[in-house]
Amino acid sequence: MRKPYVRPMTGWWKRDPFFVVYMWREATSLAVAAYAIVLVVGVLRLAQGQAAFDGWLQALRSWPSILFHLVLLAAMVIHAVSWFKIMPKTMPMMFVGGERVAGETITRAGFAAAVAAALALFVVAWMFKP
Amino acid sequence: MKTIPIEVMRYRPEQDDKPWWQKFDLPYTDDMSVLQGLLAIKDDFDGSLSLRWTCRMAICGSCGVMINGKPKLGCKTFLRDYAPGGLRVEALAHFPIERDLVVNIEDFIEKLERVTPYIVPKEPRTLEQGEYLQTPHQLEQFEQFSSCINCLLCYAACPQYGLNDKFVGPAALALLHRYNADSRDGAQQERMQVVNAKEGVWSCTAVGYCSEVCPKGVDPANAVNQNKVASAKDYFLRFVAPKGGAR
C-alpha cells in the first residue's frame, strides 16, 4: 500500500543556522535599497536648488537620521560579508596562470575591495569637508 | 559495550497517519557508521525498519538521511561523533516519505532525464579516427561536476526545492552543466531550454547550502549560478545574432 507522506515546510528557515544567515543576507538587502532611496532623494533635492539641498543635509544631521544610518550601516556590513562569502559560488571559474583561483581567495579579494572602497570614500569625504 | 541513544523516524503507510520517533539504546564501537547502526537496529531490535543502502563507501548514493536535521550519507557519518548526546535519523527532507527512511525519488529521476545527461558528440568520429582529445584545462571545466553520485543530499538542503518541487534543482542542474561544459558535447542549445525555463536556474536564490552538504565536492551552487550567466547571455545574444527557430 502506498500513502506517501509529505512533510510541511512551515518555519523552514529556522531549521538550520545556515538558513538563518541566508535570511539575514536577503533581509538586509532592504537596507541597501533604503540607502539608495536616501541618496536618490538627495539628488532630487539638489536639482531643486540650494535651499532644498540644504534642507536635505539638515534632515540627515538629525538624531533619528543618524540612528537610522547606524542601523543601515550594520545591515550593510552583514549584507556585504554574507555576499562575499557566497560570491565564489556565483561566479564563472577563474583561472590565473593555468591554476583555478580558490573560492576563499575570491572571498578575501571581495572583503579587501570593500574595505579599500570604504576607506577611499572616507578620505575623499574628509578632504571636501566644508 | 558502550551504547548511544538513537531516535529513528518511522512511517508505516498501513498503520500510521504521520511519522513518529522510535528510540533505541544502540550498542556501538568507534568504527561504526550511522548506516551500520541502522542495520544493527534492523538485525537486532526491529526487523520492520526500512532503509536504502548498497555500497557502504560513499559511491552509490543510496543511504542519504537527515542526521540531527542535516543531510548526510549514513555510511560517511560516524556514530562516535554524536556520543554521548545521541542522534535523530530522519528520511531525506523535501521528498515524500514512502516508508520509514525510504523516500520517493521519482521526481528527481524525471528531472535527470530532462537534462540529457550524456554526451551528444559535436563532431561524430569513427573508431578509425581515434579518441576525442581534451586539454587539462578543458577537463577542469566539468570534472568536479562529474563526481555527482545522485545521493540527493543537495535537494534535502535546498529550501527552494522544498517549497516548489517544480524547480529542476541542484544535482540535475550540476549534471546539466557537466555536459554543457564538456568540449566534446554539442547539445548545449537543447539543454539551455531547461536552464532558461522559470523552474530552471532562475528558481535558485543562491542559498548555497547544496554545496555545503555535498559529500563529493561537486559544488552544485556554482554550476547553477554559472548557468544564470549563460542564460542571460543566451537571452540577450539572440537580439544580436538571431538563431532560426530558437525561442
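Each chain gets a letter, A, B and so on, in the order the sequences are listed, and its residues count up from 1.
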K76(B) (side chain) donor-acceptor with P215(B) (main chain) under 3.5 angstrom: yes
- Message: For Y235(B), is the OH atom crowded, meaning more than 12 foreign heavy atoms sit under 6.0 Å from it?
- Response: no
Do the side chains of F167(B) and C204(B) get nearer than 4.5 Å, heavy atoms only? yes
The interface call for M91(A) against chain B, heavy-atom contacts under 4.5 Å, is backbone
Looking only at A221(B), G69(B), A206(B), P136(B), most heavy-atom pairs under 4.5 Å shared with chain A are made by A206(B)
In this structure, CD1 of I67(B) is separated from CG of L73(B) (nearest 0.5 Å) by 8.5 Å
Taken in chain and number order and not counting sequence neighbours, the residues that satisfy ring pair (Phe, Tyr, Trp, His ring centres under 6.0 Å) with F24(B) are F45(B)
Note: vs chain A, highest number of non-hydrogen pairs under 4.5 angstrom among G162(B), P159(B), A93(B) is P159(B)
Cut-off 4.5 Å, heavy atoms of chain A, and the answer for V224(B) is neither
- Message: Donor-acceptor check, side chain of K216(B) to backbone of C148(B), threshold 3.5 angstrom: yes or no?
- Response: no
Does any non-hydrogen side-chain atom of V194(B) lie less than 4.5 Å from one of T116(B)? no
All inter-chain donor-acceptor pairs under 3.5 Å (chain B, chain A):
{"from": "Y11(B)", "atom 1": "OH", "to": "K3(A)", "atom 2": "O", "distance (Å)": "2.5"}
{"from": "P13(B)", "atom 1": "O", "to": "K3(A)", "atom 2": "NZ", "distance (Å)": "3.1"}
{"from": "D16(B)", "atom 1": "O", "to": "K3(A)", "atom 2": "NZ", "distance (Å)": "2.9"}
{"from": "K70(B)", "atom 1": "NZ", "to": "D16(A)", "atom 2": "OD1", "distance (Å)": "3.4"}
{"from": "K70(B)", "atom 1": "NZ", "to": "D16(A)", "atom 2": "OD2", "distance (Å)": "2.8"}
{"from": "E90(B)", "atom 1": "OE2", "to": "R7(A)", "atom 2": "NH1", "distance (Å)": "2.9"}
{"from": "A91(B)", "atom 1": "O", "to": "R7(A)", "atom 2": "NH1", "distance (Å)": "2.7"}
{"from": "L92(B)", "atom 1": "O", "to": "R7(A)", "atom 2": "NH2", "distance (Å)": "2.4"}
{"from": "F95(B)", "atom 1": "O", "to": "R7(A)", "atom 2": "NH2", "distance (Å)": "3.0"}
{"from": "I97(B)", "atom 1": "N", "to": "Y5(A)", "atom 2": "O", "distance (Å)": "2.8"}
{"from": "I97(B)", "atom 1": "O", "to": "Y5(A)", "atom 2": "N", "distance (Å)": "2.9"}
{"from": "E98(B)", "atom 1": "OE1", "to": "R2(A)", "atom 2": "NH2", "distance (Å)": "3.1"}
{"from": "E98(B)", "atom 1": "OE2", "to": "R2(A)", "atom 2": "NE", "distance (Å)": "2.8"}
{"from": "Q144(B)", "atom 1": "OE1", "to": "R100(A)", "atom 2": "NH1", "distance (Å)": "2.5"}
{"from": "T205(B)", "atom 1": "O", "to": "R25(A)", "atom 2": "NH2", "distance (Å)": "3.1"}
{"from": "T205(B)", "atom 1": "OG1", "to": "Y22(A)", "atom 2": "OH", "distance (Å)": "2.8"}
{"from": "A206(B)", "atom 1": "O", "to": "R25(A)", "atom 2": "NH1", "distance (Å)": "2.9"}
{"from": "A206(B)", "atom 1": "O", "to": "R25(A)", "atom 2": "NH2", "distance (Å)": "2.9"}
{"from": "Y209(B)", "atom 1": "OH", "to": "D16(A)", "atom 2": "OD2", "distance (Å)": "2.7"}
{"from": "N222(B)", "atom 1": "ND2", "to": "P88(A)", "atom 2": "O", "distance (Å)": "3.4"}
{"from": "N222(B)", "atom 1": "ND2", "to": "K89(A)", "atom 2": "O", "distance (Å)": "3.3"}
{"from": "N222(B)", "atom 1": "ND2", "to": "M91(A)", "atom 2": "O", "distance (Å)": "2.9"}

So, the part of P17(A) with a heavy atom under 4.5 Å from chain B: the answer is side chain
Test side-chain contact (heavy atoms from CB on, under 4.5 Å) on D81(B) and L87(B); report intermediate values, then the result.
CA-CA 9 Å; D81(B) 293 331; L87(B) 65 159; over 6 Å; no
Whatever's closer than 4.5 Å to a heavy atom in chain A on A157(B) counts as backbone
**Study point:** M94(A), CE atom: more than 12 neighbouring heavy atoms under 6.0 Å
**Key:** no
